[in-house]
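Every chain is numbered from 1, with letters handed out A, B, ... down the list of sequences. All values reported here derive from a predicted model rather than from experimental measurement.
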Amino acid sequence: MTDTATQQDTLLQATGLRKMYRMGGQSLEVIRGVDLSVTRGQWLAILGASGSGKSTLLHLLGGLDRPSQGSVVFDKQNIFAMRGPRLDRYRNRHVGFVFQFYHLLPELNVIENVLLAAMISRSVPAWAGARSQQRPRALKLLDRLGLSHRLNHRPAKLSGGERQRVAIARALINQPDVLLADEPTGNLDAQTGDQILEVLQEFHQAGQTIVMVTHDHRIAQAADRVITLRDGKLDPEQSEAS
Amino acid sequence: MYKLLLILKYLRRKLAPLFAASAVALCTAMVIIVISVMGGFLQMMRESAQRLTGQVTVSSDLWGFPHYEDLLDELKKVPQIDAATALIRAYGLINLYNNVITIEAVGIHPDSLNTVTGYRETLYWTSQHLLDDIEQSMPPAELRNQREQALYESRRQRFEQIDLRDLGMTFTPPVTRPNQQPQPGIVLGIEVNPYNRRGHDGQYDIATSSINSELTLTLIPMTQRGTVMEPSVRRMVVANEFKSGLYEIDANRVYAPFDLVQQMLRMDEATQVNPETGEPTGQMEPARTSEIMLRGKPGVPLDELRQAVSDTVDAFTAARPGLPYLRVQTWRDRHATLLGAVEKEKMLLTFLFAVISVVAIAMIGVIFYMIVLEKTRDIGVLRAVGASRGGVMSIFLGYGLAVGCIGAGVGLALAASVVYNINKIQDFLTQRFNFTMWDPTIYYFDKVPSQFDTTEVTVIVVVAILSSVLGALLPAYLAGRLNPVESLRYE
């Protein structure tokens, strides 16, 4: 692949990322100069021990948090140069988050949780027009994830695996450019975790770009590329090239 | 769209909004009920005040002013004036059942006074009271023989023919005893008679009324210099009693025929006497009165009526030098002290309840802050899926608005049901628990007054809704300011 082709395929480009927290009057640097690129269609696993900064890195890539220094370029634009509403739109349209603890809204049922991300950028009249397209898409996604029979159930009535599948559907409803998964199997037993991995693999094979954070080497093996984060820095020895 | 969805979901799923809406509802209902009852009380006082003094009065000192009939004629020509009547006020004594009572005697022309103030309606005793009294003292079911039956029927027929209000209007005693000189009638304020007592239903018992009782009226005429002349004393018979609705009036005032009072006070037309020699001068002194009472045509503003009367009186006095000063007052001016006190009470109560409502706003703030804390992780999720700070903030503001609308709506319904049924509620409490919240023996009105003022109620409802939004403002702002990453980690 030529340099130009690689540049064209690069979806996310993180450069010199640093993130510092102030705790009790002292500075704590959790990300210490990370350079990283994610190409379109890639499944990148970020491996690291607890406290290595991998979740923080994922939040930075998704525009959920701001770095102390550095940039994340998406579509030729540094996302941290974007003002609030554009960054919100970036998170809504181009990124889909999947969390370890699912983070479904308990008052909403399955279909409402999935459609939530689709509703966010639309007013009531706009949603009236878009609903006829978005609802079938949500139903198709849920059907693909084996949740057609759970549409009107609230999260409290679902198993851990089902909740995570709902969370994946919610993350994918807006057809994001990249799916950011933070320990998606971390709160599940091995068998259910494998099922979630299979789901992710299925979407990846369909072309979905995935950045997944995990501390589990076995899970990381499912990815195309694995990088290891140690004390906020990439470990060059344990990071596999794509 | 997600904001509306979440507001509706949050409203349905949580106990906290129920508490917040209940606080808004109770505060709204409380303020509306207090304002309606106080407003009703004030309205009744105003109506009573108008009933007593008409809309505008022209008055002089106690000695009175002459040529009042000419002034009356002039006033009746004024386009803004509908009706007018002359009356005389004086202070005196009555001796009723050997109780000597100081009173304000008012000499009136009942018919013309009725056109100005609706005087007839203030006459308390009606024929129905007499008929009820017979039914009570001689229950038809307990009549033992034909003689009792005949007595019952004859009394009933006689009382059916008597209209006590007509007798009050003509100062005619109901019964003239045989071989007795007919006495002029008098109408007493219902609280003048010391034996009249209001029951817990606010009604008086005709058995203790002074109707047809004899009394002596003593009035003290005076000279223009204010020196007292020999008192005039008349035996009179009570033709009816009146209840104006203002205790101070009903406990002190008596009405007597205008001509009689004028005569007793030596204010009628008489031969002029030289004050130094005491000899007649041969000239006639015109009759005097102390007050003219007026009612404006419907729709004429009070200030306009007052101005029109003032202009006429000024022109009248300018053409007749030597007339005493004539004071023009509206009913509001005359009862300013009393009405002002009640208006101040209403304002004070409204203020106090508004302060209590501020506590409700703080309570809503606390409830909403707790909701925000509880929803912290959800806020993080919403931010993660693209919700803006403003979007998150507007969820909680919309939530506050919805809680305010529901609370104010429920409060309004609650207040309306209490205000419109307040007397039924009072009757229930009295019968069931012997608890009288509005005691007519104290407040002087038979019924709990209330007035549902649409403008006031609208303002209260709007303020309640705005207060609820205000209570939610700070928690909503804090929700919008939450860091999404910290929110997601919140436990």
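Among the candidates B:Leu5, B:Asn483, B:Leu488, the residue making the largest number of heavy-atom pairs closer than 4.5 Å to chain A is B:Leu488.
A:Thr15 and A:Asp35 are not linked by any side-chain donor-acceptor pair at a separation below 3.5 angstrom, with hydrogens and angles left out of the test.
Ring geometry for A:His94 against A:Phe74 counts as tilted: the plane angle lies between 30° and 60°, on a 0 to 90° scale. By the 30° and 60° cut-offs, the orientation of the rings of A:His103 relative to A:Phe101 is tilted.
For A:Tyr90, no part lies near chain B; criterion is any non-hydrogen pair under 4.5 Å. With a threshold of 4.5 angstrom between heavy atoms, A:Arg93 does not approach chain B through any atom at all.
Annotation: cation-pi geometry not satisfied between B:Lys424 and B:Phe428 (NZ/CZ under 6.0 angstrom from ring centroid, within 45° of ring axis).
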